Trainee: 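Right, I'll just put the structure down here and ask away after.
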Amino acid sequence: MTIVIIGPGALGCLIGGSLLLRAAFPPIDLFFLDRDPERAHRLTGQGLRFDTVDGHSHLLEVTATAEPASIGQAGVVLLCVKAGGLPSALAQAGTMLHENSLLIALQNGIAHLPLLLESGLPGALAVGTTAQGATLLAPGHVRHAGRGPTRIGLLRGSNEAAGYLEDLCLLLDRAGLDCETVADVTPHLWAKLLVNVGINALTALHGCKNGALLDSPEWLATLTAAVEEAAAVARAKGIPVENDPVARTVAVCRATAGNTSSMLQDVLKKKATEIEAINGAVVGLADELGLAVPVNRFLLEQVRALEHGYKARGS
Ligand code: KPL
């Protein structure tokens, strides 16, 4: 099985590292595809440093490239870029996909679904969500910072593709990523969105680890309000929401207490964040539905201002 991971960021390195370390059977050919040729070259030369959740550190041999043509055709392509990087990642994926391939998108939020469905790429299409925590300590050095479920569902594809997805999920599960296929992925994407709505912007604004949100009554109150607003939007859209999404978000804060959220990692690197795909998506849908979501709007505006600050300084 040829597996290509597009985007050797925190999540891509976590998945790649877990597969290389633990998925011995069936044999896989794993490639990382980066858009930066120099970084790809360095990753191949230096290997991937993978710190497991139980504190062990492994140096793994990897093959990374910026040239999809050098990989040829892929069985599975995992899109591990941020929502904003999806258009160029889809263009890269396009050259490797064929009618029996499986493309799996693992972005936060829900805003990327139309883009995927309209991409017109050959093969089956699946979307997934994971609550695994991963921190990219440096390019090519990832720490697995906390465990949580990974759920993947087929958006488009034959019965054969569904079987292929089952096999792949089994492989990811054996690799320690707590992975299962689901018939309808939408409620799972929303469940994860509600968690990200509560954790990501707040950790980015306060510069704190996920677990620290539980130490401040004020931050916890904002987390609670943001998640409740987003849950009301989900319910108004007819999406089933589990009983207590706030309790789930708190549980994820605990399970990934030592993790630096992906949004804080972006802010620390002065990169564009996924705020538009997370709290921004909630605000956009709330506006369409005529619902008030003041806390999500506040978080959206604050993170936009933060991003604008470092973009404006040109760093
Ligand atoms: O998904 C995450 C993220 O950081 O984007 C969580 C689950 C909050 C883990 O940090």
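Just so it is clear, the values below take in all heavy atoms, side chains as well, and ignore hydrogens, waters and symmetry mates. None of these values were measured; they are calculated from a predicted model. Numbering of ligands and ligand atoms starts at 1, following listing order.
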Trainee: Do any nitrogen or oxygen atoms of Asn200 come within less than 3.5 Å of a nitrogen or oxygen of ligand 1?
Mentor: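 Yes, there is a polar N/O contact under 3.5 Å.
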
Trainee: Quickly, which of Asn108, Asn279, Val303 forms a side chain to side chain contact (heavy atoms under 4.5 Å, CB included) with Glu274? Name it, please.
Mentor: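 It is Asn108; the other options fail the test.
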
Trainee: Is it true that Glu166 and Thr181 share a donor-acceptor pair across their side chains at a distance under 3.5 Å?
Mentor: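 Yes, Glu166 and Thr181 have a side-chain donor paired with an acceptor closer than 3.5 Å.
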
Trainee: Could an N or O of ligand 1 be found under 3.5 Å from any N or O of Asn210, whether backbone or side chain?
Mentor: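 N/O-N/O distance below 3.5 Å exists for this pair.
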
Trainee: Do Thr150 side-chain atoms and Leu177 backbone N/O form a donor-acceptor pair below 3.5 Å?
Mentor: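 Present.
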
Trainee: For ligand 1, is there an N or O atom under 3.5 Å from any N or O atom of Thr130?
Mentor: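 No, since none of the N or O atoms of Thr130 sits under 3.5 Å from an N or O of ligand 1.
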
Trainee: Give a yes or no answer on whether the side chain of Arg156 reaches the backbone of Gly123 with a donor-acceptor pair at less than 3.5 Å.
Mentor: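 Yes, because the side chain of Arg156 sits within donor-acceptor range (under 3.5 Å) of the backbone of Gly123.
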
Trainee: Do we see a donor-acceptor contact under 3.5 Å between the side chains of Asp51 and Ser57?
Mentor: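 Yes, because at least one side-chain N or O of Asp51 sits under 3.5 Å from a partner of the opposite role on Ser57.
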
Trainee: Using a strict cut-off of 4.0 Å, indicate which atoms of ligand 1 neighbour a heavy atom of Ser261.
Mentor: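 Going through ligand 1 atom by atom, the ones under 4.0 Å from Ser261 are 4 (O), 10 (O).
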
Trainee: Ligand 1 versus Lys192, non-hydrogen atoms closer than 4.0 Å: side chain, backbone, both, neither?
Mentor: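 The answer is the side chain of Lys192.
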
Trainee: Do the side chains of Lys209 and Asp215 get close enough for a salt bridge, i.e. N-O under 4.0 angstrom?
Mentor: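 Not counted as a salt bridge, because no side-chain N and carboxylate O are separated by less than 4.0 Å.
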
Trainee: Taking Gln265 for its side chain and Thr260 for its backbone only, find out whether a donor-acceptor pair lies under 3.5 Å.
Mentor: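 Side chain of Gln265 to backbone of Thr260: a pair is present.
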
Trainee: Atoms of ligand 1 less than 4.0 Å from Asn108 heavy atoms?
Mentor: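 So the atoms of ligand 1 that pass are 5 (O).
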
Trainee: Which one of Ala204, Gly258, Ser262 has a non-hydrogen atom at the shortest distance from atom 5 (O) of ligand 1?
Mentor: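 Ranked by closest heavy atom to atom 5 (O) of ligand 1, first place is Ser262.
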
Trainee: Quick one: look up the protein heavy atom nearest atom 7 (C) of ligand 1 and list residue, atom name and how far away it is.
Mentor: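 The protein heavy atom lying closest is Val252 CG1, 3.8 Å.
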
Trainee: Among protein heavy atoms, which lies nearest atom 2 (C) of ligand 1, and at what distance?
Mentor: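 Heavy-atom neighbour on the protein nearest atom 2 (C) of ligand 1: Asn196 ND2, 3.4 Å.
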
Trainee: Are any of the N or O atoms of Thr260 closer than 3.5 Å to those of ligand 1?
Mentor: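 No - when backbone and side-chain N and O of Thr260 are compared with those of ligand 1, no distance drops under 3.5 Å.
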
Trainee: Between Ile239, Leu291, Asn296, Leu194, which is the residue that forms a side chain to side chain contact (heavy atoms under 4.5 Å, CB included) with Val233?
Mentor: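 Answer to the side chain to side chain contact (heavy atoms under 4.5 Å, CB included) test with Val233 among Ile239, Leu291, Asn296, Leu194: Leu291.
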
Trainee: Using a 4.0 Å cut-off to any heavy atom of Asn259, which atoms of ligand 1 qualify?
Mentor: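 Those qualifying, in numeric order: 9 (C), 10 (O).
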
Trainee: Does Glu274 have a non-hydrogen atom less than 4.0 Å from ligand 1?
Mentor: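 Judged by the 4.0 Å heavy-atom criterion, Glu274 does not count as contacting ligand 1.
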
